[in-house]
Amino acid sequence: MLIDKHNRITDYLRIAVTDRCNLRCTYCMPESGIKYVPKDELLNFEELLRLANIFADLGITKIRITGGEPLVRKDIMKFIKGLSEIEGIQKINLTTNGTVTGKYLKELWKYGVRTINLSLDTLDRERFFQISRRDEYDNVLKCFHDMIEMGFQVKINCVVMSGVNDIDIIPFIKLTEKYPISVRFIEEMPFNGEGKDEGHLVWDYRKILGEIKSAFPNVTKLIDPPNSTAYNYKIENFQGDFGIIASYSRTFCGTCNRIRLTPKGVVKTCLYDEGVFNVKSLIRAGATDEELILAIQEAVSGKAKNGFEAEGRRSFDFPVSESMSTIGG
Ligand code: SAM
Ligand code: SF4
């Protein structure tokens, strides 16, 4: 079992399988000048599956596949199939931008994926282009409808940005009337790959909830699942529900059960740390499984109490230069 000094159990691994992406969301990546990780510096699938097996032995039961856009990595389905065969892994979830996802839905279902987080920040075609810098709205919407039709549990991830898509908050709530989905409003974090940081957040979780309550007085609080990063709510008689993720305010760290692997093989025990160690270097230096286990256990044991402590331990201050595409969200 992986347990840290604050008595939190880590049972959830998030793997960013690539830093590449076919969109350029303004809050995540700069428009140009991105230096992708060279392919031979990525953890290959053999290494990733070895690690996933080790993590499963250490008590990981849930894996999220993310990126970059995970589905642009070649042979990703073979990898997901491999994950689905690991004893102990009970859930494989995916976070995707929905652009190329449609063609993989049947296979994803076959390999046991049932919940998909779809990033969609607006229900307006032009704003979609403005935010993602690509004309993919129709594809993404089609993917949304296909997923619902096939029975996937769909969670929409919407990063709320002041003056950009704050007017989409209410339309997204209305979408939960019609569809049995969960819309999750996410506070914007400074991981945009450009070092841009306003230093303050306009749309924090309180303001988002206030906006929704002013339009829908009949908001009901739901019981949050254990380790939930979202505060969850529902509007009476609507099919779906909604959540607010205080990712900048960092209110959920007390129950954090997550560990992350970046495309380059850096192990992160907190979104806000700068990486604890590089597991790929250990693997390529010939480390045994026992050595990898020790390194992982040590990293988890020293996990920061919360995102503020992790941020304080960084060797350089904010604004950070990382992009969320290299961390995995
Ligand atoms: N490309 C996939 C996608 O967009 O769903 C997976 C990777 S993406 C980095 C994972 C999640 O991180 C997305 O839901 C995205 O909205 C979120 N994200 C990216 N940059 C963010 C930021 N600066 N603040 C908050 N969330 C962010
Ligand atoms: Fe790509 Fe996802 Fe980042 Fe958008 S949020 S640029 S889709 S990795």
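Keep in mind that what you see is a predicted model, and the values were worked out from it rather than measured. Just so you know, ligand 1 is whichever comes first in the structure, and atom 1 is the first atom listed for that ligand.
Atom NZ of Lys264 is surrounded by 12 or fewer heavy atoms from other residues, nucleotides or ligands within 6.0 Å.
Between Glu274 and Lys268 no salt bridge is recorded (no basic side-chain N to carboxylate O distance below 4.0 Å). Checked for salt-bridge contact, Arg258 and Asp11 miss the test: no charged N lies under 4.0 Å from a carboxylate O. A salt bridge is absent between Lys207 and Glu211; no separation between the charged side-chain nitrogens and carboxylate oxygens falls under 4.0 Å.
Judged by distance alone, the side chains of Tyr231 and Thr251 do bring a donor and an acceptor atom under 3.5 Å apart.
A cation-pi arrangement, defined by a distance under 6.0 Å to the six-membered ring centre and an angle within 45 degrees of its axis, is absent between Arg184 and Phe242. Geometric assessment of Arg250 against the ring of Tyr248 yields a positive cation-pi assignment under the 6.0 Å and 45° thresholds.
Around atom 1 (Fe) of ligand 2, protein atoms of type N, O or S found under 2.8 Å number 1.
A ring-ring contact (aromatic ring centres under 6.0 Å, His included) check over residues 58-105, counting only residues at least two apart or in different chains, returns the pairs Phe45-Phe79. Residue pairs meeting the ring-ring contact (aromatic ring centres under 6.0 Å, His included) criterion with at least one member in residues 162-182, sequence neighbours excluded: Phe144-Tyr179, His145-Tyr179.
Contact residues of ligand 1 (protein heavy atom closer than 4.0 angstrom to a ligand atom; sorted by chain and number): Tyr27, Cys28, Thr66, Gly67, Gly68, Glu69, Thr95, Thr96, Asn97, Ser119, Asn157, Val159, Ile186, Glu187, Glu188, Met189, Phe191, Met324, Gly328, Gly329.
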